[in-house]
Amino acid sequence: MSEPRINERIRVPEVRLVGPSGEQVGVVRLEDALRLAEEANLDLVEVAPDARPPVCKLMDYGKFKYESAMKARDARRNQANTQLKEIQFRPKIDEHDYATKMGHVERFLKGGDKVKCIVRFRGREQSRPELGIRLLQRVAEEMSELGTIESHPRQDGRNMVMVLAPTRKKAEVKSDQRRRREEARASRRAEKHSHRTRKPQPEERDPQDDQAAPDQTQG
């Protein structure tokens, strides 16, 4: 995407001007808009070049570009880091297997990843879709504090699929992990420093040792 025209690069006789707080100033001559921008120590930025007349806004363009770049970077980071994990269930899963798989679901959601829960039907099980719906609803209810339903249970061929999204973003999870690691390192450094500076305690002496032994010699 090409950058917008700003200040003297704008080549039209008049513009529809928008103030720095979004207020509508109206249609003004270009030289008047440039004067207002200079007086406010701001830039005149063409935000809608195809409008008639073009729409321009008063803003700090350098700050605007920086904030836009930061938002785009954070969006790319969250998109790249978030993964879609898959967990498969059977409609008549026993409690032990269910608990094991739910442990995986919990770990993935806590790690900031999405979870695709798949119920696989075999043979006559395909005529009992309500089993899959009840199972996936149970999963969603038990994980409600860690994730929300992004895609509700739906039939997909012989499978029923539901997607859970974590309530916390991947970047937030990683930030917390870094903070805990740094706190642990700081605690270890403080403990080592304490050991180095700790002075050895003097040995306790028996008071009897300080008494002079009686003289056994006779004059």
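Salt-bridge annotation for Lys110 and Glu106: present, with a side-chain N of the basic residue lying under 4.0 Å from a carboxylate O of the acidic one. Note on Arg5 versus Glu46: salt bridge recorded, some NZ/NE/NH1/NH2 to OD/OE distance being below 4.0 Å. Checked for salt-bridge contact, Lys101 and Glu95 miss the test: no charged N lies under 4.0 Å from a carboxylate O. Between Glu67 and Lys71, none of the side-chain N atoms (NZ, or NE/NH1/NH2) sits under 4.0 Å from a carboxylate O, so this pair counts as no salt bridge.
One finds the CE atom of Met70 at 12.0 Å from the NZ atom of Lys65 (value rounded to the nearest 0.5 Å). In this structure, the separation between CG on Leu44 and CG on Leu30 is 6.5 Å, given to the nearest 0.5 Å. Within the model, atoms CD of Glu130 and CG of Leu135 stand 12.0 Å from one another, a figure rounded to the nearest 0.5 Å. How far CG of Asp156 is from CD1 of Ile118: 8.5 Å, rounded to the nearest 0.5 Å.
Of all non-hydrogen atoms in Glu125 and Arg120, the two that sit nearest each other are OE1-O, 3.9 Å. Heavy atoms only, all atoms of each residue included: Gln83 and Lys85 are closest at OE1-NZ, 3.0 Å. Summarising the geometry of Pro91 relative to Phe121, their closest heavy-atom pair is CG-CD2, 3.6 Å, with the distance given to 0.1 Å. Closest of all the heavy-atom pairs between Val45 and Tyr61 is CG2-CD1, 3.8 Å.
Looking at heavy atoms from C-beta onward, Pro153 lies out of side-chain contact with Val161 at the 4.5 angstrom threshold. Side-chain contact between Val27 and Val15 is absent, with no heavy atoms from C-beta onward closer than 4.5 Å. Between Glu182 and Arg185, some side-chain heavy-atom pair lies under the 4.5 Å cut-off. Leu131 places a side-chain heavy atom less than 4.5 Å from the side chain of Lys92. When side chains are defined from C-beta on, Cys117 does not count as touching Val163, because their heavy atoms never get closer than 4.5 Å. A 4.5 Å side-chain heavy-atom check between Leu17 and Leu58 finds at least one atom pair inside the cut-off. Residues Leu42 and Met59 fail the side-chain proximity criterion, which asks for heavy atoms closer than 4.5 Å.
Glu23 places no side-chain N or O within donor-acceptor distance of the main-chain N or O of Val25, the cut-off being under 3.5 Å. Put simply, the side chain of Thr100 gets close to the backbone of His96: a donor and an acceptor are under 3.5 Å apart. For Ser187 (side chain) and Glu183 (main-chain N/O), no donor-acceptor pair under 3.5 Å exists by modelled atom type.
Remark: Arg138 is positioned above the aromatic ring of Tyr98, its terminal NZ or CZ atom under 6.0 angstrom from the ring centre and at most 45 degrees off the axis.
In Gln155, the CD atom is crowded: over 12 heavy atoms of neighbouring residues, nucleotides or ligands sit closer than 6.0 Å.
Every residue meeting the salt bridge (Lys or Arg N to Asp or Glu O under 4.0 Å) condition with Glu150, not counting sequence neighbours, appears here in chain and number order: Lys114. By the salt bridge (Lys or Arg N to Asp or Glu O under 4.0 Å) test, Arg16 pairs with no residue at all, sequence neighbours left out.
Applying the side-chain contact (heavy atoms from CB on, under 4.5 Å) test between Leu164 and each of Ile87, Val139, Thr148 identifies Val139 as the sole match.
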Set out, in order, the CA-CA distance, both residues' side-chain angles and the distance that settles side-chain contact (heavy atoms from CB on, under 4.5 Å) for Met162 and Gln137, then state yes or no.
CA-CA 9 Å; Met162 176 184 71; Gln137 286 176 339; over 6 Å; no

Go through the steps to decide whether Asp32 and Leu34 satisfy the test side-chain contact (heavy atoms from CB on, under 4.5 Å), and finish with yes or no.
CA-CA 5 Å; Asp32 293 334; Leu34 289 171; over 6 Å; no

